[in-house]
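Before any comments, here is the structure.
Protein chains get the first letters and strands the later ones, always in sequence-line order, with residue 1 at the start of each.
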Amino acid sequence: MDYLVTALPQILGAFLTTLELTVGAFSLALVLGTAAATMRILPAPVLRALGALYVEVVRNVPLLVILILLVFGFPEAGMTFPLFTCMVLGMGVYAGTYVCEVVRSGILSVNRGEVEAARALGLSIPQIMRLIVLPIAFRNMVQPLANVLISTILSTSLAGSLGVLELTGIASRLQDESAQLLLTFGILGVGYVVITLTAGLSAGRLQRILDRRYSVDTTQRTA
Amino acid sequence: MARSEPALLFDVQGPQGKRRMLLLTVAILLLIGVGIAFALVKLGQNGHLAATPWLTILLPPVSTYLLEGLWMSLLSGLLAGLLAFPLGIVLAILRMSRNRVVRGLARWYIEITRSIPVLLVMYFVQLFLPSIGWRVPVFWQLILPLALYHISMLAEIFRAGVESIPPGQREAAEALGLRPLRIYQQVILPQAIRVVLPSLINQFIRLFKDTSLGYIVTYPELLTRGKVMGDYTGYLFETFVIVGVVYLVVDLVLAAAARALDRRLRAERGGAPRTARTRAGGPSAAGLTITEARS
């Protein structure tokens, strides 16, 4: 009991740190990924190649290598960031490649007929994107984006090995009370399950809401 | 596919559109150029553009040490993969069992391993197991958590593969009087594994990248050795850039292999004469096309 009284506040703090890392990294990933996906569908060969280069290079290097480069390598090159910023930066840039692929295939999954119909009606490309393509594409992106979010949550554990006291890093801090280690690991595991489960369930709910709204739209359109 | 992409949203660009795209390209290139220039100035100021640090890492004593690390990375990835492969098949079969309890347990295992980070499992092996008197060698501290996690990933891949085999295959095998295990072993799995071969290679790429977690348990694979050499030579930046490039090259080669294999499998399916496929129902060809068309 005494152990729990001292450990729980620390674990709770670690839980919050994991959430902060996740929110920071995933937001950055959304921005970078969407920008890269846009570049990859524009009719400009150079931009397409740049987008593809970003995805191919970053995705094929282990995240831990990227993080270590940011933490140990960059300061040597005269670019020092706070530890937390390094983590968010590395994880965001890494997850951004996955977001890019999700967004791109979401957009490409839109039925050509819809786009052609919109063009025949004389809509401009920004209008087509805003009114036709993105609403449809977004529904196809919810589940894959949730998967990216969940792997981002799990990847924040790597920060623990580099000195951030989040849900995984706290394990080594609490290891002194070895008698209670099993309990500690149990709580930490449950912590992760809670976060990932919440993410997965909310994505499911969002999907249902979007589907419902979309089916309303179609009836209005045909009426 | 790749060639039809632009046609989805854009016609062939007119003069105005071309001008706009050119402007956008130049703007973004300028932005990136400024970033690169800034980085180069910073690197130059700190002496990272000189040849010595790079050559120190790239020349024999250090580079052979690092290459041995790459070998150990590949080896640990292969071993974890070899361990996870058969167990993944077993787990996939359990996951599709007709017994509800068995199916439920398999599902739980998969769901839980997929929502807990490998690193936490690693710390569990590293910190908890010794406390109850079980010292796990460093090598297994890396392999065990990786295998436990990738078993689940592989099981899901195999399940997708098995589900892509048309039910007629199983029904035909049952009609022939084969027992369930024989059906899997001789009819379903050979086809399913073929379907998922490219996914298996991609999963191995993930596994290979995950072996970099050896850094955490100080198993002397590529990344750990990179850190050792970086600290020793004092060229941390150069070392980690080179380590990253090595991972990149290996992964790109593997990914290219996956793509080539995928193309070849598709070509085999598409190349088979249509009549033969529908009439004789050549097991591999017929089964595979259906899934590919739907996915």
What pair of heavy atoms forms the shortest contact from Thr25(B) to Ala44(A), and how long is it?
-> OG1-CB, 3.7 Å
Between the CG atom in Leu129(B) and the CG atom in Leu182(A), the distance rounded to the nearest 0.5 Å is 10.0 Å
With rounding to the nearest 0.5 Å, note down the distance linking CG in Leu236(B) to CD1 in Ile68(A).
-> 10.0 Å
Where the side chain of Lys209(B) meets the backbone of Arg59(A), is there a donor-acceptor pair that is under 3.5 Å apart?
-> yes
Is the closest side-chain heavy-atom distance between Val71(A) and Phe240(B) below 4.5 Å?
-> no
Name the orientation class of the two ring planes belonging to Phe74(A) and Phe237(B) (parallel below 30°, tilted from 30 to 60°, perpendicular beyond 60°).
-> tilted
Below 4.5 Å from any heavy atom of chain A, which atoms of Lys18(B) appear? Answer side chain, backbone, both or neither.
-> neither
Would you name the heavy atoms of Ser161(A) and Tyr123(B) that are closest together and state the gap between them?
-> CA-OH, 3.5 Å
Looking only at heavy atoms, what is the nearest atom pair of Thr196(A) and Ser115(B), with distance?
-> OG1-CB, 3.0 Å
Sort Ile32(B) into side chain, backbone, both or neither according to what part of it lies under 4.5 angstrom from a heavy atom of chain A.
-> side chain
The interface call for Val241(B) against chain A, heavy-atom contacts under 4.5 Å, is both
Measure across Leu42(A) and Met21(B) and return the closest heavy-atom pair with its distance rounded to 0.1 Å.
-> CD2-CE, 3.9 Å
With side chains defined as the heavy atoms from C-beta onward, is the minimum distance between Ile216(B) and Leu64(A) less than 4.5 Å?
-> yes
If one checks every heavy atom of Arg206(B) against chain A at 4.5 Å, the contacting part turns out to be neither
Toward chain A, the part of Leu213(B) with a non-hydrogen atom under 4.5 Å = both
Name the region of Thr168(A), side chain, backbone, both or neither, that has any atom closer than 4.5 Å to a heavy atom of chain B.
-> both
Structural part of Leu158(A) lying under 4.5 Å from a heavy atom of chain B | both
Counting only heavy atoms closer than 4.5 Å, note whether Phe208(B) contacts chain A via side chain, backbone, both or neither.
-> neither
With a 4.5 angstrom heavy-atom cut-off, could you sort out which part of Ile116(B) is near chain A: side chain, backbone, both or neither?
-> both
Hey, could you give me the CG/CD distance between Leu252(B) and Glu56(A), rounded to the nearest 0.5 Å?
-> 6.0 Å
With chain B, the option among Pro75(A), Gly200(A), Ser157(A), Gly160(A) that has the most non-hydrogen atom pairs under 4.5 Å is Ser157(A)
Of the non-hydrogen atoms in Phe185(A) and Leu120(B), which two are nearest, and what is the gap between them?
-> CE2-O, 3.7 Å
Which atoms of Phe124(B) come close to chain A, meaning under 4.5 Å heavy atom to heavy atom: side chain ones, backbone ones, both, or neither?
-> both
Val57(A) versus Leu248(B), closest heavy-atom pair with distance = O-CD1, 3.5 Å
Rounded to the nearest 0.5 Å, how far does CD1 of Ile205(B) lie from CG of Asn60(A)?
-> 6.0 Å
Who among Gly189(A), Gly169(A), Ala118(A) has the most heavy-atom pairs with chain B under 4.5 Å?
-> Gly189(A)
